[in-house]
Amino acid sequence: MIRSVVMGTGSALPKRRVSNAELAAQVDTSDEWIVERTGIRFRHIAGEGETTATLAADACRAALTAAGIEAASIDLIVLATATPDQTFPASATKVQAMLGINDCVAFDVAAVCSGFLYAVQVVDSMIRSGVAKRALVIGAETFSRILDWEDRTTCVLFGDGAGAIVLEAQETADEGGRGILTTKLHADGRHNELLYVDGGVSTTGTVGKLRMKGREVFRHAVTNLASVMTESLAMAGLAADQVDWVVPHQANARILDATARKLGLAPAKVVVTVDQHANTSAASVPLALDVAVRDGRIRQGQIVVLEAMGGGFTWGAAVIRF
């Protein structure tokens, strides 16, 4: 049996770190208001010269170092993002060039906050089918560039950043071996108007700004995330009490708490970084994963569930034995 095994993780953040107090000096909000409703205290904002691709490349370098692997051995790069450097070509090809890789398969996927889970599924399928042997899977965003900084209900929620993992094909005869055990993805395009950007190449010819109906998104998020995590665990033949860690999309601390309660999971098993990074969309899951790996919480042999939901709606989960 061929499985996709996580060999290393990495992340990168813009240099500029912005507190709630700094934000309150620009828009009609306060630290207390933001913390109470979201749990967010800081976010990082990309500056001059920092783009989705540069952050992604930095995260990849960290992941490659952690894995002890040379960039030249990578034969597949999949970058999840809703904020690419250009309409085309794919930002993944820019990352490829920055890493000094002369030739490999490289492309982007767009599923907003669920993008990293979609990318994991795509890469896992390509590895299992023999198309690739060693891959970089990335989530990277510069959401600060599509925010309406006069809309206090959305601009306080998001930040910029990148996270990456190295996945490698490994043969295992043991059902209890390391690797991605299962993934489960969903989409429901009927809810487009609840979370979207009001611009695009084919419609307005502009980039547009992010728009969201927060209460409706919250309700769907709790229901969908709990459901897809239950589905993915059942597909892997596991129960919730066998999970060592849940690494969720870092959208809102209240969503994380509500989802954990719905599943009967102890809050201590949930990796939370939203207070430090805010919502970094497709970057949030790999960024939080890297934090938990580097601080020693996530260790080899543990069962880890990744989950996310984003605009579209799209949502998904992956069960991994590290």
Side-chain angles (χ1 to χ4, degrees), residues 38 43 46 51-53 55-56 78-87 90-92 107-123 137-148 151 153-155 157-164 183-204 206-214 216-225 228 247-252 255-256 259 274 277-289 306-318:
T38 70
R43 75 281 296 143
T51 71
T52 292
L55 292 170
V78 180
L79 169 58
T81 187
T83 52
D85 282 24
Q86 299 163 280
T87 301
S91 294
F107 58 93
D108 294 353
V109 298
V112 203
C113 303
S114 307
F116 183 74
L117 272 300
Y118 271 65
V120 165
Q121 169 70 88
V122 169
V123 171
V137 190
I138 316 158
E141 303 281 16
T142 46
F143 253 53
S144 63
R145 283 156 187 173
I146 57 169
L147 296 179
D148 179 351
D151 179 4
T153 65
T154 57
C155 73
L157 302 177
F158 296 91
D160 303 332
T183 55
K184 183 64 178 176
L185 303 175
H186 291 279
D188 186 347
R190 294 173 297 174
H191 304 293
N192 178 283
E193 75 286 354
L194 299 183
L195 179 54
Y196 66 102
V197 168
D198 62 2
V201 175
S202 184
T203 52
T204 65
T206 64
V207 174
K209 299 297 182 184
L210 183 146
R211 307 299 176 193
M212 181 173 69
K213 297 179 180 177
E216 290 89 340
V217 172
F218 183 100
R219 179 171 55 83
H220 282 278
V222 173
T223 300
N224 291 346
L225 292 175
V228 76
V247 183
H249 170 46
Q250 307 290 316
N252 182 311
I255 292 177
L256 304 188
T259 304
V274 69
H277 304 146
N279 182 345
T280 54
S281 187
S284 74
V285 169
L287 207 168
L289 178 64
L306 314 180
E307 54 89 340
M309 191 190 93
F313 286 137
T314 61
W315 65 100

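Quick caveat: nothing in here was measured; it's all calculated off a predicted structure.
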CG of Leu287 to OG of Ser281: how many Å apart, nearest 0.5 Å? 12.0 Å

side-chain contact (heavy atoms from CB on, under 4.5 Å) partners of Ala162, counting only residues at least two apart: Leu55, Ala59, Ala140

Any idea which heavy atoms bring Val247 and Ala288 closest together, and the distance? CG1-CB, 3.8 Å

With side chain to side chain contact (heavy atoms under 4.5 Å, CB included) as the criterion, how do Met309 and Ile255 come out once you've worked through the C-alpha distance, each side chain's angles and the decisive distance to 0.1 Å? CA-CA 11 Å; Met309 191 190 93; Ile255 292 177; over 6 Å; no

Contacts of type side-chain contact (heavy atoms from CB on, under 4.5 Å), residue Leu185, not counting sequence neighbours: Leu117, Tyr118, Gln121

Side-chain heavy-atom pair Asp108, Pro84 within 4.5 angstrom cut-off: yes

Tell me whether Glu307 contacts the main-chain N or O of Leu225 through its side chain, where contact means a donor paired with an acceptor under 3.5 Å. no

Could you give me the CA-CA distance, side-chain angles and deciding distance for Lys209 and Leu147, then say whether side chain to side chain contact (heavy atoms under 4.5 Å, CB included) is met? CA-CA 5 Å; Lys209 299 297 182 184; Leu147 296 179; 6.0 Å; no

For the student: nearest non-hydrogen atoms of Gly159 and Ala278, plus distance: N-CB, 4.0 Å

With sequence neighbours left out, the residues meeting side-chain contact (heavy atoms from CB on, under 4.5 Å) with Lys184 are His186, Val228, Glu231, Ser232, Met235

Using salt bridge (charged side-chain N to carboxylate O under 4.0 Å, His left out) as the criterion, list what pairs up with Asp198, not counting sequence neighbours. Arg211

Does Ser91 have any side-chain hydrogen bond (donor to acceptor under 3.5 Å, both in side chains) partners at least two apart in sequence or in another chain, and if so, which? none

Would you say the side chains of Ser144 and Asp160 form a donor-acceptor pair under 3.5 Å? yes

By side-chain hydrogen bond (donor to acceptor under 3.5 Å, both in side chains), which residues pair with Thr206, not counting sequence neighbours? Thr204

I need the Leu195 CG to Thr154 OG1 distance, nearest 0.5 Å. 10.0 Å

Could you tell me whether the side chains of Glu141 and Thr280 share a donor-acceptor contact shorter than 3.5 Å? no

Residue list, side-chain hydrogen bond (donor to acceptor under 3.5 Å, both in side chains) with Arg145, at least two apart or on another chain: none

In the structure I gave you, are the side-chain heavy atoms of Phe313 and His220 within less than 4.5 Å of one another anywhere? yes

How close do Ile138 and Phe116 get, counting heavy atoms only, and between which atoms? C-CD1, 3.9 Å

Suppose we screen for salt bridge (charged side-chain N to carboxylate O under 4.0 Å, His left out). Which residues come up paired with Arg219, at least two apart in sequence or across chains? none

Do any N or O atoms from the side chain of Ser284 and from the backbone of Gln250 form a donor-acceptor pair under 3.5 angstrom? yes

side-chain hydrogen bond (donor to acceptor under 3.5 Å, both in side chains) involving Thr52 - partner list, sequence neighbours excluded: Thr83, Thr142

Which atom names give the shortest non-hydrogen contact between Asp85 and Thr51, and what distance separates them? OD2-OG1, 2.9 Å

Which heavy-atom pair separates Ala308 from Val285 by the least distance, and what is that distance? CB-CG2, 4.1 Å

Going from CD on Glu216 to CD on Glu193, what distance comes out if it is rounded to the nearest 0.5 angstrom? 8.5 Å

Please name the pair of heavy atoms, one in Ala80 and one in Ala119, separated by the smallest distance, quoted to 0.1 Å. CB-CB, 4.3 Å

Any Val112 side-chain heavy atom under 4.5 Å of Phe143 side chain: yes

Partners meeting side-chain contact (heavy atoms from CB on, under 4.5 Å) with Thr38 (sequence neighbours left out): Ile34, Ile40, Leu157, Asn252

Taking the side chain as everything from C-beta on, heavy atoms only, tell me whether Cys113 gets closer than 4.5 Å to Asn279. yes

Passes side chain to side chain contact (heavy atoms under 4.5 Å, CB included), Phe107 versus Val122? Steps please. CA-CA 11 Å; Phe107 58 93; Val122 169; 3.8 Å; yes

